[in-house]
Amino acid sequence: MAPPHPSYCENVQELKKTIMSHAAKSDEMMLTHLKVRIKDLWEALLKERFVFSFRNSLEVAAYRKLETEYSKWSWRLRSAMLEIENKLHNKIENEAIYEVEENDIQKELKETSEDVKKSMSEIFDKDKDKDILIQWKTSFEIKIKELQENIVRETKRKLNEILQQRDLKKKIDDQRTHHENTLYEKSKELALKLKDKAKDEETLKEEFDLFWEQCVNMIIRETHTSSRDTDIIRDVREILNDIYQGHLPVDHWKEGNEYNIFTVSSYSEYVIFKRSTKREIREAVKDTYRTAKESFGHTLTLWPEEETEIRALVIDVAQQTNRMIMSFNISKMGYNISCIQQLTDYIKTRVTEHQEGPVKYVFKNEFFMDLVYSICKKSNKMITDQHRMFRDTNDPVLYLERKREEYYGIFRKYCHGATSAAIFGEIICQKLKESIEQSVYKKTARDLAGEMRSNCESLNGNRSNLEKHILKTLAEEEDFHKFMNYIDNPSDHFKSFIRDEVSRYITNKFSDSVSPKMKENIRLLQQKIMKAAHESTEHDQMNKGDVVLWLKCFTQQLSDVLVFSVKDLSGVNHEDVDDFNLLEDVIRKELPTITSDISREFKTNTFDEKLDLKLRPDEILIDHLCQCCWVQCPFCKAICTNTIENHDEDHSVSFHRIIGLSGIHYFNTEILSTHICTSAVANSNLYFYPSDSEKVPWREYRRAGEDYAKWNITSDLSELPYWKWFVCKFQKDLEKYYNKIFVGQGEIPDEWRKYTKQEAFESLDKYI
């Protein structure tokens, strides 16, 4: 926001000088002159203040409008990139491309990028507030440029991971394809032997069941399918037991004693201090009623700043390990204990690096163990669900059992003398089913994310709008533990909120919007497949080609939208297929049955069952709304509002909070502070104590170290009544949480207690 108008500041200074110069004089004429002068200056001051306030209000409104537009621009770029990524992903899986360069992605994104630039120009050059908006033009152009570079770079990274994993999982895919196609050929051989019994359905069924059992048993022997169930927590215990060479505390994780490191109010129990410090003196002074031996013998407590840096470590490690888990691509590659080993190694490295840095403590073994355990327990369901998807797709027993009826249907047609073209057409449709299902689910998920960006009130703006709805929901529920999760782990809380909103939207809008969207995507894809079949037939007839040419043309036309290629039919004998009109007719006839099956299975929870985590609508929106700065104010834990991670500018927030919310208390006392960062910075008589160093004036907070120097805390009286209501409402809970109290210097002002929940709500709408 712009600073006060110069004349406003000059009048303030003039008023101060006039009062000071005449304060000691008691001459009546002088006093009369003073009153007149003060009155004139005060009127000028009020006038200038009104002008400044009005101008500032216009700027706030203009900036909010710009933030809303930025959210739209960024979503257009991200949603376009989702389509590009999906298309290139399909091409990679179909072995149509073998490398991905940033230039290739930039070219694909060029049209959308130009549209966004045009929209930006219209806002800055033609909007009615263009004279106000122009001051932010450069900064927003830089933000969009950085965003575009980031999503291009991230898309390239993800696609290159898929390229690398494609080669690793080729053996799995080839093995599955081999089993499928071997069964097709063997069932064809059996059908030829039973042709004279084609009308005896009972005999055909008995022969097929016997054949099927023999084939599945043979496949099980060949693949050596493991019978060991996936148990993430068991694997965690095994690895930790190996690290501590069998000395893992037996009772540490007994039922009912399982620590969640994300919810502890203090990490003091997890640390040992490196050497004697002023901290021990502080503890001794504070506990004068104890003996010196007792005072120095009890557990020393961490400073609030140290609590904050440890919590920041925990949150960052959790976020990075979550990205590692996503990169494992478990739904495609499967799970094994090496996944947990990689996570454990990374966590160990981060913990070691932290305690070897400029900190005055080291962690106990329990910190590392509970951090590993908490992260893995939190990710347990996600890993287990992803591995279930892998098993359903690749375990021969599970996969083939689902395909049994399809194989039997083709077997019967062989027995009844169906032509090669008719059989091959049906095999193509059966092969397409899984790919169609994945394509439709992914497209519907992207469409739903876009729809919710428009129609869902909490998700249709920027992160500030999302945060406002989160705060409203917290106030409605009045759940203190959820409040503290939001304060201590904001990123985690935001993501949970988005997942809940998406789940609620899908449930409420399933019949009206979600299901029709799915059916429309099925219809459009069905049209594309039939168009590809028809054009392949025409192309083959014009070039007097064979089935190989037809199949190549057919799969190439679909390589953008489906994971389906010629290699999926390797091993299926189709050399004698020569009636392409019949082949096309069979696909036209069988395809609706396939798509009807997909539609019938679609329910509110099938996104979770059918899609990789990162492809679901909630994760798409999380990726859009949560790829931003999550650094918290070192005093009050308010979240930096910058929309770019690792940005160069100072961190800042629109409204700081009461610092007692983060456990900050008066030196050598148990009294929580009621100061707000912005007003504290404006007070020249206030000091704070970063760790156990010398006191630092609030006005010079940047001197306190790197975490403070990166913040821009303006010296003003801005405040959000919402947090005053919260402190009053949950005073006892906060005191219990931090084991400190609001009394004396930290007494909650009486005027704060006058705020109602409704006024807290209204302050969110007014200021955010």
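Keep in mind that the numbers below use all heavy atoms, side chains included, and drop hydrogens, waters and symmetry copies. Just so you know, residue 1 is the first one in the sequence shown, and it goes up from there.
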Using 0.5 Å steps for rounding, measure from the CG atom of D395 to the CZ atom of R176. 11.5 Å
With distance as the sole criterion, is a donor-acceptor pair present between the side chains of N150 and E154 under 3.5 Å? no
Close side-chain approach of I428 to V586, heavy-atom, < 4.5 Å: no
Between N94 and S559, do the side chains contain a donor N or O and an acceptor N or O under 3.5 Å apart? no
So D209 and R404, do their side chains get closer than 4.5 Å, heavy atoms only? yes
Ion pair present between E437 and K433, side-chain N to carboxylate O less than 4.0 angstrom? no
Atom NE2 in H179, atom CD1 in I219: separation rounded to 0.5 Å? 5.0 Å
If you compare all heavy atoms of E645 against all heavy atoms of C628, which two are closest, and at what distance to 0.1 Å? CG-O, 2.8 Å
So if I apply the side-chain contact (heavy atoms from CB on, under 4.5 Å) rule between Y335 and each of R388, H387, Q386, R391, which one comes out positive? H387
Under-4.0 Å salt bridge between K91 and E108: no
Within the 4.5 Å heavy-atom criterion, are R78 and I151 side-chain neighbours or not? yes
Atom of C626, atom of I498 and distance for their closest heavy-atom approach: SG-CD1, 3.9 Å
Distance-only side-chain donor-acceptor flag, H89 / E93, under 3.5 Å: yes
Are any side-chain N or O atoms of S119 and backbone N or O atoms of D115, one a donor and one an acceptor, separated by less than 3.5 Å? no
Close side-chain approach of K495 and E619, heavy atoms under 4.5 Å: no
Of all heavy-atom pairs between T177 and D568, which one has the smallest distance, and what is that distance? CG2-O, 3.7 Å
If we ignore angles and hydrogens, is there a donor and acceptor under 3.5 Å between the side chains of R157 and N160? no
If you take all heavy atoms of D560 and N90, which pair is closest and at what distance? O-ND2, 2.8 Å
Quiz question: by atom type and distance under 3.5 Å, do the side chains of N380 and T384 form a donor-acceptor pair? yes
Nearest heavy atoms of T537 and E584, plus distance in Å: OG1-OE1, 3.2 Å
Heavy-atom closest contact (A532 atom, S536 atom, distance): O-OG, 2.6 Å
Look up atom CD in Q342 and atom CE in M324, then write down how far apart they are to the nearest 0.5 Å. 5.5 Å
Could you tell me whether F510 and F602 have their ring centroids closer than 6.0 angstrom? yes
Are L343 and F328 side-chain neighbours, meaning at least one heavy-atom pair lies under 4.5 Å? yes
Would you indicate whether the side-chain heavy atoms of K443 and N86 approach each other to under 4.5 Å? no
When the ring planes of W550 and F580 are compared, do they come out parallel, tilted or perpendicular, using 30° and 60° as the limits? parallel
Side-chain heavy-atom pair L625, R453 within 4.5 angstrom cut-off: yes
Does NZ in K186 sit with more than 12 non-hydrogen atoms of other residues, nucleotides or ligands closer than 6.0 Å? no
So how far is it from I325 CD1 to N322 CG, rounded to the nearest 0.5 Å? 5.5 Å
Spatial distance of atom CD (Q106) from atom CD (E101) [nearest 0.5 Å]: 12.0 Å
Could you walk me through whether K145 and E141 pass the salt bridge (charged side-chain N to carboxylate O under 4.0 Å, His left out) check? CA-CA 6 Å; K145 181 174 178 290; E141 286 175 343; over 6 Å; no
What do the steps show when you test N181 against E185 for side-chain hydrogen bond (donor to acceptor under 3.5 Å, both in side chains), and what is the final call? CA-CA 6 Å; N181 297 340; E185 290 303 307; over 6 Å; no
Measure the shortest side-chain to side-chain distance between Q526 and P592 over non-hydrogen atoms and say whether it is less than 4.5 angstrom. yes
Any side-chain donor paired with an acceptor under 3.5 Å for E95 and S565? no
Does NZ or CZ of K143 lie under 6.0 Å from the centre of the six-membered ring of F140, at an angle within 45° of the ring axis? yes
Rounded to the nearest 0.5 Å, what's the gap from NZ on K205 to OG1 on T203? Could you check? 12.5 Å
